[in-house]
Amino acid sequence: KVWGKTYERKRQVEFIDFLELLNKEIPAQVTHIRIVLDNLPMHRGKLVQAWLTENSRFTFHYPPIHCSWMNQVEQWFGILHRKRLRIANFENKADLAEQLQAFIREWNEVAHPFNWTSKSIAKIMAKCDAAKSAPTKAA
């Protein structure tokens with residue numbers, strides 16, 4: 001299942017509001033919630049750390065920098081982009097927010113986990129190796 005909420009800004013207070021939404025929506029019998037996050041400062045700030053201390057069923061995981069492929073939500077963002085954002089035709093921010101929520105509702109009707117296989121992992125690692133060995137451009 002995908003949860004989403006749009007905000008005007010991207011700060012710790014908005015992130016905490018979203019965490020509160022998750023805390024309410026995910027049943028109490030789920031005692032351990034693991035969240036994979038990127039390394040944005042708003043995910044690591046003092047307010048967020050204080051919230052995390054008070055909400056012990058949440059554990060945050062931060063993949064290494066430049067390894068967004070390790071965060072499976074990035075695959076979902078790619079699907080969202082291809083299906084809804086490639087042609088950006090929104091009347092205003094409210095229209096965009098509604099379109100995003102509509103996509104989330106549609107997605108959740110047929111939601112399925114992304115399954116990594118040894119073949120998909122090997123393909124990703126090959127791309128990483130190729131990027132490491134590519135010659136750098138002179139400035």
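Closest approach of H32 to T59, counting heavy atoms only: NE2-OG1, 2.6 Å. Summarising the geometry of P63 relative to V36, their closest heavy-atom pair is CD-CG1, 3.8 Å, with the distance given to 0.1 Å. A pairwise comparison of heavy atoms in I16 and V48 identifies CD1-N, 3.9 Å as the closest pair. Contact detail for I104 and V2: the closest heavy-atom pair is CG2-O, 3.4 Å.
Under a cut-off of 6.0 angstrom, the local environment of CD in E25 is crowded, with over 12 non-hydrogen atoms contributed by other residues, nucleotides or ligands. With a 6.0 Å radius and a threshold of 12 heavy atoms from other residues, nucleotides or ligands, K5 has its NZ atom above the threshold.
Residue pairs meeting the salt bridge (Lys or Arg N to Asp or Glu O under 4.0 Å) criterion with at least one member in residues 28-51: none, sequence neighbours excluded.
Looking only at atom types and distance, the side chain of Q12 has no donor-acceptor partner in the side chain of W51 under 3.5 Å away.
Here W3 and F18 keep their ring centres 6.0 angstrom or further from each other.
Checking each of H112, K1, K83 against W107 for a side-chain contact (heavy atoms from CB on, under 4.5 Å) leaves exactly one that passes, namely H112.
For E106, the side-chain hydrogen bond (donor to acceptor under 3.5 Å, both in side chains) test picks out R84, with sequence neighbours left out. Residues meeting the side-chain hydrogen bond (donor to acceptor under 3.5 Å, both in side chains) test with Y62, sequence neighbours left out: none.
Between atom CE of residue M42 and atom CG of residue L37 there is a gap of 8.5 Å, rounded to the nearest 0.5 Å.
In this structure, N108 contributes its side chain and A111 its backbone to no donor-acceptor pair below 3.5 Å.
Residue F77 is not grouped with residue L22 when hydrophobic side chains (ILVMFWY) are merged at heavy-atom distances under 4.5 angstrom, including chains of intermediate members.
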